[in-house]
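Owing to the predicted nature of the structure, the values given are computational and were not obtained by experimental measurement. Residue numbers start at 1 and run along the sequence shown.
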Amino acid sequence: MRAVRFDRYGDRDVLYIAEVEAPEPSDGEVVVEVRAAGINPGEASIRSGALDAMFPATFPSGEGSDLAGVVSSVGEGVAEFSAGDEVMGWSWQRSSHAEYVAVPVGQLIAKPAALSWEVAGSLYVVGCTAYAAVRAVGAGKGDTVAVSAAAGGVGTVVVQLLRIRGASVLGIASERNREWLSAHGVVPVVYGDGLAERLRAAAPNGIDALIDLFGPEYLQLAVDLGVAPERINTIISRDKAKELGAKVEGSGAASTPEVLAEMAELVASGQIEVPIAAAYPLERVCDAYAELEERHTHGKIVLVP
């Protein structure tokens, strides 16, 4: 089969397509023929070596967590799925950017028929991250919550989940995302100089919580605006969060089939939209990351093996 590999840390040009042996299922595993697999900023950080202390790579390394596809074979002890079933889920072995992937059965759910392959194959990271972040700040009815990078892959799901929970949402994003945010019940607030003043104007009664999806400056901004540290959550700025006493909860805090199934049902029922910014064939993985790393993507970028 074909699979994405890299042999050393570096820019996206270290990625290549390798011909490797297709996996066989071990006990309790399912082999999935991948139809779509999302890409995420964390994977780019692992590839560059920026996360070596936390998530060291063993070379040659594969990559990819999100996946959706069709079951091709099952291992001993697997009764939940059979060959031909449509599934979605995740791999913790950096292996989903490939034509086939072996996954423990507990990391898969049945794919709702209403979900496209592209959406199903990119939901795990953004869906479980959004769930964890919203839960971490205790957001609900009557709260006003600010979200940085509100129109990105995770941000688009976070703001919609907050609205479902009854919160008022201030979406920090670029001017070009104003229309999408407004259409989804979010108050758009353009980032850049004067942001604090614009947030105060948009929320004259104060901001109760902030979810950071971009960088440490937003954690400091939240404190400056009077948000209690226990109601600030970041998925990216660990050092700043430790300094301020803020929370750092992401997909790892909500990676269960039950959470993924709940998020999949919200999408399948039309309550949450997952925008697909672009879909690339496997051999254009470098182009996919080039678009992702511009950090201006609205929604998800997906690889289609």
(request) Report whether Val189 and Leu210 are members of the same hydrophobic cluster (ILVMFWY, side-chain heavy atoms less than 4.5 Å apart, transitive linking). (result)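 Same hydrophobic cluster.
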(message) With a 4.5 Å cut-off on side-chain heavy-atom distances among I, L, V, M, F, W and Y, is there a chain of contacts connecting Val190 to Ile211?
(response)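 Not linked; separate clusters.
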So do [Y] and [X] actually touch side chain to side chain, heavy atoms under 4.5 Å?
| X | Y | value |
| --- | --- | --- |
| Glu63 | Val285 | yes |
| Phe81 | Val87 | yes |
| Val186 | Leu170 | no |

For a quick test of reading the model, state the closest non-hydrogen atom pair linking [X] to [Y] and the distance between them.
| X | Y | result |
| --- | --- | --- |
| Val125 | Thr129 | O-OG1, 2.5 Å |
| Asp224 | Arg200 | O-NH2, 4.0 Å |
| Ala253 | Arg135 | O-NH2, 2.7 Å |
| Ser96 | Leu67 | CB-CB, 3.9 Å |
| Ala167 | Val145 | CB-CG2, 4.1 Å |
| Ile207 | Ala146 | CG2-N, 4.1 Å |

(message) Please evaluate residues Tyr280 and Glu291 with respect to the criterion side-chain hydrogen bond (donor to acceptor under 3.5 Å, both in side chains), reporting the C-alpha separation (whole Å), side-chain torsions for both, the decisive distance (0.1 Å), and the verdict.
(response) CA-CA 11 Å; Tyr280 288 86; Glu291 182 172 347; 2.4 Å; yes
(request) Give a yes or no on whether the ring-centroid distance for Tyr191 and Phe214 is below 6.0 angstrom. (result) no
Any Lys/Arg nitrogen of [X] or [Y] sitting under 4.0 Å from an Asp/Glu carboxylate oxygen of the other?
| X | Y | result |
| --- | --- | --- |
| Glu230 | Lys247 | no |
| Arg2 | Glu283 | yes |
| Asp143 | Arg231 | yes |

Do we see a donor-acceptor contact under 3.5 Å between the side chains of [X] and [Y]?
| X | Y | result |
| --- | --- | --- |
| Ser95 | Ser91 | yes |
| Ser122 | Asp66 | no |
| Tyr218 | Thr234 | no |

(request) State whether Tyr289 and Arg47 meet the cation-pi test: NZ (Lys) or CZ (Arg) under 6.0 Å from the six-membered ring centroid, and within 45° of the perpendicular axis. (result) yes
(request) Under the side-chain hydrogen bond (donor to acceptor under 3.5 Å, both in side chains) rule, what do Ser48 and Asp11 come out as? Steps first, then yes or no, please. (result) CA-CA 6 Å; Ser48 72; Asp11 200 354; over 6 Å; no
Tell me, yes or no, whether the heavy-atom count around [X] atom [atom1], taken from other residues, nucleotides or ligands under 6.0 Å, exceeds 12.
| X | atom1 | value |
| --- | --- | --- |
| Asp13 | CG | yes |
| Glu243 | CD | yes |
| Glu175 | CD | yes |
| Gln93 | CD | no |

(request) Classify the ring geometry between Phe59 and Tyr9 as parallel (under 30°), tilted (30 to 60°) or perpendicular (over 60°). (result)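 The rings of Phe59 and Tyr9 stand perpendicular, inter-plane angle above 60°.
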Any sub-3.5 Å donor-acceptor pair from [X]'s side-chain atoms to [Y]'s backbone N or O?
| X | Y | value |
| --- | --- | --- |
| Glu29 | Val103 | no |
| Asn40 | Glu43 | no |
| Gln160 | Thr156 | yes |
| Arg198 | Ala202 | no |

